[in-house]
A.B. asks: 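Dropping a structure here in structure tokens format, bear with me for questions.
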Number of protein chains: 2
Amino acid sequence: MPLEWSDLRIFLAIAREGTLGAAARALGLSQPTMGRRLRALEQAVGQTLFQRTGDGFVLTDEGSAVLHHAERIEDEALAFQRQLAGRDQQLDGMLRLSSSDWFGIHILTPVLAAFAKMQPGVLIELLTDARLYSLPRREADLVFRIQPFDEPEVISRRLMHIPYGVYVASGLEHPRGGDGTGTPLITMDTTFGGMPDALWLKRILPKAHVVSRSNNRDVQGRMCREGVGVAVLPRPLGDTLPGVERIDLGEEPPGRDTWVGYHRDLKRLARLRALLDLVIERLAN
Amino acid sequence: MPLEWSDLRIFLAIAREGTLGAAARALGLSQPTMGRRLRALEQAVGQTLFQRTGDGFVLTDEGSAVLHHAERIEDEALAFQRQLAGRDQQLDGMLRLSSSDWFGIHILTPVLAAFAKMQPGVLIELLTDARLYSLPRREADLVFRIQPFDEPEVISRRLMHIPYGVYVASGLEHPRGGDGTGTPLITMDTTFGGMPDALWLKRILPKAHVVSRSNNRDVQGRMCREGVGVAVLPRPLGDTLPGVERIDLGEEPPGRDTWVGYHRDLKRLARLRALLDLVIERLAN
DNA sequence: CGATATCCATTCAAAACTGAATAGGCCTCT
DNA sequence: AGAGGCCTATTCAGTTTTGAATGGATATCG
């Protein structure tokens with residue numbers, strides 16, 4: 001009869017996912033359990049929180065009225081865990097990193113390999129994913145990205161400057177210094193249209209035409225190597241990619257700064273500190 | 001392995017009570033369960049939250065660091081329940097009131113009796129207790145007291161003015177109009193020393209001496225009726241108490257205002273509204 | 001100094017909860 | 001119209017969790 005705080009987590013999951021099955025998957029429980037716990041919660045508060053529709057659960061007025069209480073509870077529970085994790089002085093444990101794909105592959109991998117030898121007790125998980133992982137939710141402990149962090153709870157620093165270069169497949173004819181007419185381009189995904197290197201290309205080679213797009217720099221590099229066209233790549237990637245050569249269009253493409261950030265609560269997490277020290281030693285300067 | 005939100009409630013209870021047994025009583029669980037759930041919580045967060053001492057559990061640094069997170073979770077959980085209770089349009093259910101003892105007995109009882117006849121589905125619980133019940137915790141739904149409420153989440157109004165009078169046992173000699181030398185007094189508990197009627201007595205009869213104290217106005221009235229001394233009583237009590245008579249010391253003792261308050265979240269609780277309407281109709285002005 | 005009262009940990013049978021499987025409803029697609 | 005998906009509700013066996021009882025350790029009191 002009394003309210004079980006754990007049931008609020010189930011309430012949240014159902015509210016977010018919309019169906020018992022999806023909520024069950026999200027929480028690692030089973031669909032019947034979700035139904036039962038929700039019923040128990042509704043009974044405890046004496047109110048119907050969801051309207052049962054043909055295909056799922058949708059919040060009633062009462063349910064939406066209290067949704068943000070449950071969200072705040074979740075925030076506090078996450079903070080509770082984070083703050084304790086930040087006091088873990090043990091070096092063993094797990095660290096979850098997030099970065100863009102090429103950065104993870106070409107820049108981070110050697111550093112992580114060295115760290116794994118130094119600290120075999122620490123399991124490192126590197127997620128290279130387009131979506132942003134949340135530091136407050138602890139979806140990641142350490143995030144590398146190309147924009148500064150503006151959240152006040154995140155401690156961040158500029159890690160390194162990444163120069164970019166223009167590449168073509170080795171031996172292929174370099175584009176003439178003109179307006180780019182007839183030059184095939186390999187660029188980022190449309191969703192990344194506003195990125196500095198895309199704008200730069202547009203300015204230097206206004207008449208060039210795009211023949212291939214990808215959100216993955218490695219894919220762009222491979223396409224370039226296959227002779228598909230001209231690509232702007234991070235030099236750490238392009239310079240080590242066999243079969244392509246960097247060309248000079250009379251002006252360097254803009255570089256980018258890379259930032260690394262982690263949650264304040266994890267400031268004292270020994271293994272995070274150890275990894276960060278190594279990352280800075282190897283990459284910053 | 002994942003954190004159970006319900007275990008945070010157990011964490012809070014142990015932190016407050018200091019022992020597993022007391023915490024178990026507070027939550028209506030058993031002592032072994034408290035121990036097990038706490039162990040599970042500590043395991044889930046990978047940190048020792050309590051130091052096991054000879055006689056009880058005391059928070060470690062880690063535990064105190066996260067205590068206020070648990071408290072905020074509790075606040076939100078209470079708000080969650082309150083807000084839903086406030087939407088309960090059902091007239092049936094329970095209402096918990098709190099007032100001073102004499103007020104409950106002499107003023108509230110007739111109103112509550114009338115309400116019980118009008119709304120037999122509503123169970124009314126009247127707590128007359130020196131300690132203050134918390135509206136945010138919903139220890140009480142409706143509180144009557146002699147001071148205004150200053151909490152912003154409480155909706156309150158002045159209910160009625162209570163005049164006070166000076167009483168002696170019927171037939172007993174009235175104190176002379178002098179400084180009170182030789183007059184025996186019955187007053188409030190020492191902890192209520194600063195109350196207006198106590199200060200007023202001190203000014204009118206500075207030489208009078210206290211022979212009996214109680215925190216209970218009814219007890220004071222009975223003592224007075226037994227001829228023990230002079231008492232200042234609320235007139236609704238004194239005027240209806242057989243065996244005592246009101247006397248005139250040339251100046252009226254100060255009266256007091258009574259206030260009634262309830263939590264905003266319960267604004268739409270139909271049965272609370274119904275009771276309050278009756279209370280105001282019968283008592284206000 | 002022994003009696004009593006706490007406290008926590010452990011044991012063990014009973015109760016509660018869980019998840020796989022299943023049934024039934026609704027919708028879409030062919 | 002029938003097949004296939006996706007949804008919830010129900011059933012039922014297996015696991016987990018619970019609380020009463022018990023034991024041991026420590027402090028308090030007469």
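To find a chain, count down the sequence lines: A is the first, B the second, and so on, and within it residues start at 1. Here the structure is a predicted model, which means the values were calculated and not measured.
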A.B. asks: Distance check needed: dT10(C) C1' versus Arg52(B) CZ, whole Å only.
C.D. replies: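 Rounded to whole Å, this separation is 15 Å.
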
A.B. asks: Is the backbone N or O of Val143(A) less than 3.5 Å from a side-chain atom of Ser99(A), with the two atoms forming a donor-acceptor pair by type?
C.D. replies: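 No; judged by distance alone, with no hydrogens or angles, the pair does not exist.
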
A.B. asks: Distance check needed: dT10(D) P versus Leu20(A) CG, whole Å only.
C.D. replies: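 After rounding, the reported distance stands at 12 Å.
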
A.B. asks: Ignoring backbone atoms, test whether Thr33(B) places a side-chain nitrogen or oxygen under 4.0 Å from the OP1 or OP2 oxygen of dG19(D).
C.D. replies: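 Result: yes.
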
A.B. asks: Does CZ in Arg16(A) sit with more than 12 non-hydrogen atoms of other residues, nucleotides or ligands closer than 6.0 Å?
C.D. replies: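 Enclosed: over 12 neighbouring heavy atoms sit under 6.0 Å from CZ of Arg16(A).
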
A.B. asks: Please determine if a side-chain N or O atom of Arg37(B) lies less than 4.0 Å away from the OP1 or OP2 oxygen of dT18(D).
C.D. replies: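 So the side chain of Arg37(B) is within the cut-off, an N or O lying under 4.0 Å from OP1 or OP2 of dT18(D).
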
A.B. asks: Pro32(B) side chain: which of dA21(C), dT10(C), dC7(D) is closest?
C.D. replies: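 The listed nucleotide nearest to Pro32(B)'s side chain is dT10(C).
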
A.B. asks: Send over the distance from Leu27(A) CG to dT18(C) C1', rounded to a whole Å.
C.D. replies: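 The answer, rounded to whole Å, is 14 Å.
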
A.B. asks: Between dA9(C) atom P and Arg39(B) atom CZ, what is the distance in whole Å?
C.D. replies: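 Atom-to-atom, Arg39(B) to dA9(C), this comes out as 7 Å.
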
A.B. asks: To the nearest Å, how far apart are Met34(B) CE and dG19(D) C1'?
C.D. replies: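 After rounding, the reported distance stands at 13 Å.
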
A.B. asks: Any base atoms under 4.0 Å from Gly35(B), or only sugar-phosphate, or nothing? Heavy atoms, all strands.
C.D. replies: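 Touches nothing.
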
A.B. asks: For Asp88(B), is there an ion pair with Arg271(B) - N to carboxylate O distance below 4.0 angstrom?
C.D. replies: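 Salt bridge flag = yes for Asp88(B) with Arg271(B).
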
A.B. asks: Give a yes/no on whether any side-chain N or O of Ser30(A) is located under 4.0 angstrom from OP1 or OP2 of dT18(C).
C.D. replies: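 No, no such contact exists.
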
A.B. asks: Taking the basic N atoms (NZ, or NE/NH1/NH2) and the acidic carboxylate oxygens, is any pair closer than 4.0 Å for Glu153(A) and Arg82(A)?
C.D. replies: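 No salt bridge links Glu153(A) with Arg82(A).
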
A.B. asks: Among dC12(C), dC12(D), dC8(C), which is the nearest nucleotide to the side chain of Arg36(A)?
C.D. replies: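 For the Arg36(A) side chain, the nearest candidate turns out to be dC12(D).
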
A.B. asks: Quick one: Glu17(B) CD to dC7(C) C1', roughly how many Å, whole number?
C.D. replies: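 Distance, rounded to whole Å: 15 Å.
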
A.B. asks: What is the distance, rounded to the nearest whole Å, between atom CG of Leu38(A) and atom C1' of dC7(D)?
C.D. replies: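 For the pair Leu38(A) CG and dC7(D) C1', the rounded distance is 15 Å.
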
A.B. asks: Which distance, rounded to the nearest 0.5 Å, do you find between the CG of Leu41(A) and the CG of Leu49(A)?
C.D. replies: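 Those atoms lie 5.5 Å apart.
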
A.B. asks: Take the protein atom CG of Leu29(B) and the nucleotide atom C1' of dA16(C), then report the distance between them rounded to whole Å.
C.D. replies: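 Rounded to whole Å, this separation is 14 Å.
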
